[in-house]
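This report concerns only the one structure given below.
Nothing here was measured: the structure is a model prediction, and the numbers come from that model. The figures that follow rest on heavy atoms only: side chains count, while hydrogens, waters and symmetry mates do not.
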Amino acid sequence: MLIVKKFGGTSVANKERIYNVANRCVEEYKKGNDVVVVLSAMGKYTDELISMAEDINEKPPKREMDMLFTIGEQMSVSLMAMAFDKLGVPAVSLNAFQVAMHTTSVHGNARLKRIDTERIRRELENHKIVIVTGFQGVNKYDDYTTLGRGGSDTTAVALAAALHADACEIYTDVDGVYTADPRKVPKARKLKEITYDEMLDLATLGAGVLHNRSVEMAKKYGVPLVVRSSLNNSEGTVVKEEVTVERMLISGVALDTEAVRIAVIGLKDVPGMAFKLFDVLAKKHINVDVILQSIGRAGTKDISFTVDGKDLDDAIATLEENKARLGYQELHSERNIAKLSIVGAGMMSNPGVAAKMFESLYNEGVNINMISTSEIRVTVLINEKDGVRAMNAVHDAFNLAD
C-alpha cells in the first residue's frame, strides 16, 4: 500500500512532536507500506515570517513573500528527515523544485497544474520514506509560489492523486471534522463521515479543518480522505462521495470572520453592469462570495458583496482604477462582519430549514444583513461581535450537540 500522510504545523511544533510524527510514520513503514509525508511549517512559524516581513515593509511584494514562506516547510521536512535517520529509517526530504510541483503564477494563491512523480517513485523504490514540503510549488518562471493558507492539505491530496495512493490521511490538532469548531462551540460533535460536497462548503465557509481546494481535488480524483488527530489514535472522520449513515438534516455550522463587505453604490441599471463589475475583480484573482443587488431605482442600482479580508485593499484599488468604466457613484467597505453558514445535504428534501435558522437568530437578537443560499447551504452576513453567540444558537436549534 502507498499512504500519503499530511501533518499540520502544531503536529511538528517542537522536538517531541516531530518524533511523535516520525514514530507514527515508522509504524506504517514497518508494516511494509510505502509512505509519503507532507509537512507544514512548524507551529506558528509562518506567522513569525509574516511579522518579520511587515516589520521591513508593511506591504511586501507577493513574490518575495512566497520566497520567504518556503523557508518554513523546508525547515520542517529537513528536521523530520533527521529524526527518521536517528530512528534508523532511510528517508529523504524534497522541496517543490526537487519534486517538481508545477503551479500557476498567482503568488500567494497559486493552483497546482501537475506533479512530476518520477523522483518520488524512485526514492520509494529505494525503500525510503519521502518527506515533501507542503503549501509550495514552482511556476513557469522558476519562481516559488504558495497555495494559500492551509495549502499543505492540497499538496497532500494532489500527491495522493498523482501517485494513485491507497489512502490520504490529514492529521491536525483536532481529531476529526466536527459539527462546528469545538473551540467556539463546546457542544460540537465529531462526525464519523461526511460527503465531499458538504466538506467543501464547510471548508470554503470558514470551518478551517481542511483547505477547500484539497476537498475539491479529492472529489475530482476520488481520493479517500481521513481527518485525524496527530496527538491520539482516534478514528477520525472519513470524507467521501456518499455516506452510509442516516442523512442528518444539517452536517455542520461554520463561521468566517475573515470576510469583508464592499458596497458599490449608484451603478447604472443596465444589462451587463454586474458582468463588468465582477470581471475586473476576476482579472485580479479576487474571489467574490455573497452577493446582493438592490432593485433598480431612478436608473441606478447598488451591488454589495463579500471578499476575503486580505483582498480588500486590492479590490478597492481595482474598483477605483476602473471607476470611469463602471460609472458608480460611491464605494463603501465594512470589516466588522461575519459569515455564518449551515451546511447539509439533508436540507434538499426538508423545507423550512432556513426559517429555523432565521428564527434562532431572531431569538438571540442577531440582525441579518445579507443572505445567500444553495441546495446544501444557507449563509447569512451578521455583525462580527454576534458571531460566536449566533453560531452556538444555530447549532442548538438544529440539535447538533454531542
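Between the NZ atom of K219 and the CG atom of D197 there is a distance of 4.0 Å, given to the nearest 0.5 Å. Between the OG atom in S76 and the CD1 atom in I18 there is a gap of 6.5 Å [rounded to 0.5 Å]. Atom OG1 of residue T145 and atom CZ of residue R63 lie 11.0 Å apart, to the nearest 0.5 angstrom. Atom OH of residue Y196 and atom NZ of residue K240 lie 9.5 Å apart, to the nearest 0.5 angstrom. The structure places CD1 of I3 at 11.0 Å from CD1 of I129, a figure rounded to the nearest 0.5 Å. Note that OH of Y19 and CG of N23 are 9.0 Å apart. Values are rounded to the nearest 0.5 Å.
Within 6.0 Å of the CD atom in E258, the count of heavy atoms belonging to other residues, nucleotides or ligands does not exceed 12. The 12-atom threshold is exceeded at CE of M75, counting heavy atoms of other residues, nucleotides or ligands nearer than 6.0 Å. Residue F97 places its CZ atom among more than 12 non-hydrogen atoms of other residues, nucleotides or ligands, all under 6.0 Å distant. Environment of CD in E235: sparse, with no more than 12 heavy atoms of neighbouring residues, nucleotides or ligands closer than 6.0 Å. Residue K184 qualifies as enclosed at atom NZ: its count of foreign heavy atoms under 6.0 Å is above 12.
The heavy-atom pair separating V138 from D142 by the smallest distance is CG2-CA, 3.8 Å. In plain terms, the two heavy atoms of V343 and I250 that are nearest each other are O-CG2, 3.5 Å.
Residues E334 and H332 have side chains that never bring a donor and an acceptor to within less than 3.5 angstrom of each other. R213 and N109 share a side-chain donor-acceptor pair at under 3.5 Å.
With hydrogens and angles ignored, the 3.5 Å screen pairs a side-chain donor or acceptor of N14 with a backbone N or O of E16. Side-chain atoms of D181 come within 3.5 Å of backbone atoms of R183 as a donor-acceptor pair (strictly under, hydrogens ignored). Put simply, the side chain of T237 gets close to the backbone of L191: a donor and an acceptor are under 3.5 Å apart. Proximity of a side-chain donor or acceptor of N392 to a complementary backbone N or O of V388 within less than 3.5 Å is detected. Formation of a donor-acceptor pair under 3.5 Å by the Y328 side chain with backbone atoms of L319 is found in this model. Between the side chain of S374 and the main chain of R377, a donor-acceptor pair closer than 3.5 Å is present. In this structure a side-chain-to-backbone donor-acceptor pair under 3.5 Å is present from N20 to S230. Between the N139 side chain and the D143 main chain, a donor and an acceptor come within less than 3.5 Å of each other. Using a distance-only test at 3.5 Å, with no hydrogens or angles considered, no donor-acceptor pair links the side chain of S40 to the main chain of S152. The main-chain N or O of N383 is never found under 3.5 Å from a side-chain atom of N336 such that the two would form a donor-acceptor pair.
T154 pairs with exactly one of H211, K6, R111 by the side-chain hydrogen bond (donor to acceptor under 3.5 Å, both in side chains) rule, that one being H211. Residue V77 forms a side-chain contact (heavy atoms from CB on, under 4.5 Å) with just one option from N95, V12, T133, and that option is T133.
Using a 4.5 Å heavy-atom cutoff, the side chains of I194 and L202 are in contact. Annotation: side chain of E321 is not in contact with side chain of V280 (no heavy-atom distance under 4.5 Å). Side-chain atoms of I337 and E384, non-hydrogen and from C-beta on, never get closer than 4.5 Å to each other. For the pair L312/S333, a side-chain contact is recorded, criterion being any heavy-atom separation below 4.5 Å from C-beta on. Residues E73 and V38 are not in side-chain contact: their nearest non-hydrogen atoms beyond the backbone lie 4.5 Å or more apart. When side chains are defined from C-beta on, I71 counts as touching L68, because their heavy atoms get closer than 4.5 Å. You'll find the side chain of S372 stays beyond 4.5 Å of the side chain of T306, heavy atoms only.
With salt bridges taken as basic N to acidic carboxylate O contacts below 4.0 Å, none links D66 and K62. Ion pairing between a basic and an acidic side chain is recognised when a charged N comes within 4.0 Å of a carboxylate O; E125 and R121 show no such pairing.
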Side chain to side chain contact (heavy atoms under 4.5 Å, CB included) between I371 and F358, intermediate numbers included
CA-CA 10 Å; I371 301 168; F358 302 154; 3.9 Å; yes

Just do the side chain to side chain contact (heavy atoms under 4.5 Å, CB included) check on L277 and M273 with the steps written out, would you?
CA-CA 6 Å; L277 172 64; M273 187 51 68; 5.7 Å; no

With salt bridge (Lys or Arg N to Asp or Glu O under 4.0 Å) as the test, would you mind laying out the steps for D386 and R389 before giving the verdict?
CA-CA 6 Å; D386 297 325; R389 180 165 57 89; 2.7 Å; yes

I'd like to know whether D116 forms a side chain to side chain contact (heavy atoms under 4.5 Å, CB included) with V99, so could you lay out the CA-CA distance, the side-chain angles of the two residues, the decisive distance to 0.1 Å, and finally the verdict.
CA-CA 6 Å; D116 296 340; V99 170; 5.6 Å; no

Go through K59 and D314 one step at a time and tell me if the salt bridge (Lys or Arg N to Asp or Glu O under 4.0 Å) criterion holds.
CA-CA 11 Å; K59 293 191 72 175; D314 286 347; 5.3 Å; no

Candidate pair M347 and I342, rule side chain to side chain contact (heavy atoms under 4.5 Å, CB included), full reasoning:
CA-CA 10 Å; M347 69 174 69; I342 54 173; 4.1 Å; yes

Criterion side-chain hydrogen bond (donor to acceptor under 3.5 Å, both in side chains) on T70 and Q136, from CA distance to verdict
CA-CA 7 Å; T70 56; Q136 60 182 244; 4.8 Å; no

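Annotation: side chain to side chain donor-acceptor pair (under 3.5 Å) contacts of R24 (sequence neighbours excluded): N233. With sequence neighbours left out, the ring-ring contact (aromatic ring centres under 6.0 Å, His included) criterion links F305 to F278.
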